[in-house]
Novice: 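My structure is below; once you've seen it, I'll send some questions.
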2 protein chains.
Amino acid sequence: MNLSFKQLQAFREVMRTGSISEAARALNRTQPAVSSLITTLEAELGIDLFERNRGRLIKKPEAQFFLEETEAILERLNHCTKTMKEIADLKEGRLRIACMPASSQFMMPRLVADFVRDKPQVKVSLMMRASAIIEEWIASQQFDIGLAETPAPSGAIKTETFELACICALRSDDPLAEKSIITPKDLSGRPLATLQEDHPNLLATQAAFKSAGAQFNARFELRNFQPALKLVEEGLCYCICDPMTASSYYEYQLQEQALCFRPFAPEVHLSVAILQPAHRPASELSSAFIDILRADLLAINQQFQT
Amino acid sequence: MNLSFKQLQAFREVMRTGSISEAARALNRTQPAVSSLITTLEAELGIDLFERNRGRLIKKPEAQFFLEETEAILERLNHCTKTMKEIADLKEGRLRIACMPASSQFMMPRLVADFVRDKPQVKVSLMMRASAIIEEWIASQQFDIGLAETPAPSGAIKTETFELACICALRSDDPLAEKSIITPKDLSGRPLATLQEDHPNLLATQAAFKSAGAQFNARFELRNFQPALKLVEEGLCYCICDPMTASSYYEYQLQEQALCFRPFAPEVHLSVAILQPAHRPASELSSAFIDILRADLLAINQQFQT
DNA sequence: CATATCCATAAGATAAATCTATGGTTCGAT
DNA sequence: ATCGAACCATAGATTTATCTTATGGATATG
């Protein structure tokens, strides 16, 4: 089987125009070139497609059948290359994203919306889960991109870590809002909403308080910072939360913002990471999305550091 | 769009084996050859299909998609060439045959049956009609092959004429059966079954009688010779009929043949023809069938000339 | 640390496609 | 009839594409 697309294209053109010379003109080739293409095509198929009668070509019934196949193949090929071009231009494709709760409500939807605005053919799966689940999904290649708390190193996951500087959430009418930077001393003994148990972020916060000689009063222990802001709004506590959660607050609480955020010193981090399946290259689409995701994470991390 | 099947085959093999070197071995090419095929393929698609990581190839998700398309195209092409081979070997195709009554009952079915015995994929339409209808069907290209009485010359029909020597049908117990050749003199004044009105065959028969000085007694006028044999069996008449009709008699009247046939002199012909649409080449299948049809007509024409 | 395997590249060799030139045939119009 | 314009096929020259050999760099394996 040594056919070529050129032969098929030449054959199609000959069938359309009814003559080799005409087809040659349409294809910007010389007549002998097309003649040869047809001859070798017939030889490879083992059957004559045209009858050479009195110096002219006459289509044989077999040619009609072969034309249908030819059209189908060329059409498919054409469509396929077009699709690949679309994929190359990021106009088409599939993107499966799994993200942690802090980013799921506003940040990630906003990024996805911006990203796909000019890509009507791109399909997106966007799932919110706890970081541990996201790890599994990425490791098992069920998702292309994950945003989660930094997992333990694993051969199955490629990570790009971001140390998000946590900031202090407090009521705008709180006296502490006067300060441009909040320290453990400021919050000494005051009720806090924190992450639970042995979360690295909690440990780091406790360490900051301890080394500053401040009293650490964890009143609310939560799985993540999202619900904490309501508690702060109610005046029940303070919260040293990650900037993604803080940023979300501005995105949904557009008017009458009861809360404000202040940098916290010393820096306490929440370590998050962009996750990708290892041993499998990212699609062009993934890479492009990760670019804007990275940029947004860096921007959010800066947003509250004045 | 300048892709080639070679590139697709190479790509498929690389996807299967996971490496260029392996694929090259499978394809009986050198590794650089395959490498180049893949490179140019990527260039023409405008997108990388593999990631070159630490000296190895890693499939990108885009490659997976493209593979599906590639498989489909190659599969279709493969199937198509196979079918063309079948067609070339006359193992596949379509044959539309229209035949006149004299040949429809035994001769043509027998020929078709012989022809398609080893061609299970060949589809046949076999229709019996009066010669005038067959002409129309062939001229309008509704049928590929016609067997009919020779029509008036027409630009739309290609004809191959056979002058069938008519023979005399008579009862085996008739005294005339003793003779090896029947002449108009033998039948002078005796009742005949003939074709009707101004049919050339009737006119020719009448002329033979006249020039022999014999009396022509047309007792039964029929549209064709088939029913005549029954009348001869009943002893009601003689019939100078065409050899196809006579041959049919042997094919269905296997035992107790009440009739016999004798050559008639001078020769009186029934002119029949194989018809094909003009300005359209025959399929390989048509040509092949016409070959055996021609042979059979010649054989039948000899059969009664002892 | 040596060895084997992988891929890419370059240069030369081979094969394929294309073009130019030509001749034969048919058809239509002088 | 004869001429000219189409048509197609073939042959030889030329360009283009493809393959191979040779080589070097990178990475795994034992």
Novice: Can you identify which nucleotide, out of D/dA9, D/dT21, C/dC7, has its nearest atom closest to the A/R52 side chain?
Specialist: D/dA9
Novice: For D/dC7, does either OP1 or OP2 sit under 4.0 Å from a side-chain N or O belonging to A/R25?
Specialist: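 For D/dC7, OP1 or OP2 has a side-chain N or O of A/R25 closer than 4.0 Å.
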Novice: For the side chain of B/P32, starting at C-beta, report the closest nucleotide among C/dA10, C/dT18, D/dA9.
Specialist: C/dA10
Novice: More than 12 foreign heavy atoms under 6.0 Å from CZ of A/R76: is that the case here?
Specialist: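 Correct, the count exceeds 12.
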Novice: Choosing from D/dC8, C/dC19, C/dC7, which nucleotide comes nearest the side chain of A/S21?
Specialist: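 Within the option list, the nearest is D/dC8.
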Novice: Looking at side-chain heavy atoms only, is the closest gap between A/I157 and A/E135 below 4.5 Å?
Specialist: yes
Novice: State whether A/K6 places a side-chain N or O below 4.0 Å from either non-bridging phosphate oxygen (OP1 or OP2) of C/dT18.
Specialist: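 Indeed, a polar side-chain atom of A/K6 lies that close.
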Novice: Can you figure out which of D/dC8, D/dT20, C/dT18 approaches the side chain of A/L57 most closely?
Specialist: D/dC8
Novice: Counting side-chain heavy atoms from CB outward, which of C/dT18, D/dC7, D/dT20 is closest to B/R29?
Specialist: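 Nucleotide nearest to B/R29's side chain: D/dT20.
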Novice: Does A/R56 make a side-chain N or O approach to OP1 or OP2 of D/dC8 shorter than 4.0 Å?
Specialist: no
Novice: Is the phosphate of C/dA8, meaning OP1 or OP2, less than 4.0 Å from a side-chain N or O of B/S35?
Specialist: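 Checking B/S35 against C/dA8: at least one side-chain N or O falls below 4.0 Å of OP1 or OP2.
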Novice: How close or far is atom P of D/dT18 from atom CG of B/L3, stated in whole angstroms?
Specialist: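 Interatomic distance, CG of B/L3 to P of D/dT18: 11 Å.
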Novice: Tell me whether the side-chain N/O atoms of B/S36 come closer than 4.0 Å to OP1 or OP2 in D/dT18.
Specialist: no
Novice: Can you check whether A/F66 reaches A/L49 side chain to side chain, under 4.5 Å on heavy atoms?
Specialist: yes
Novice: side-chain contact (heavy atoms from CB on, under 4.5 Å) for A/S271 and A/E149? Distances and angles first, verdict last.
Specialist: CA-CA 6 Å; A/S271 182; A/E149 294 188 33; over 6 Å; no
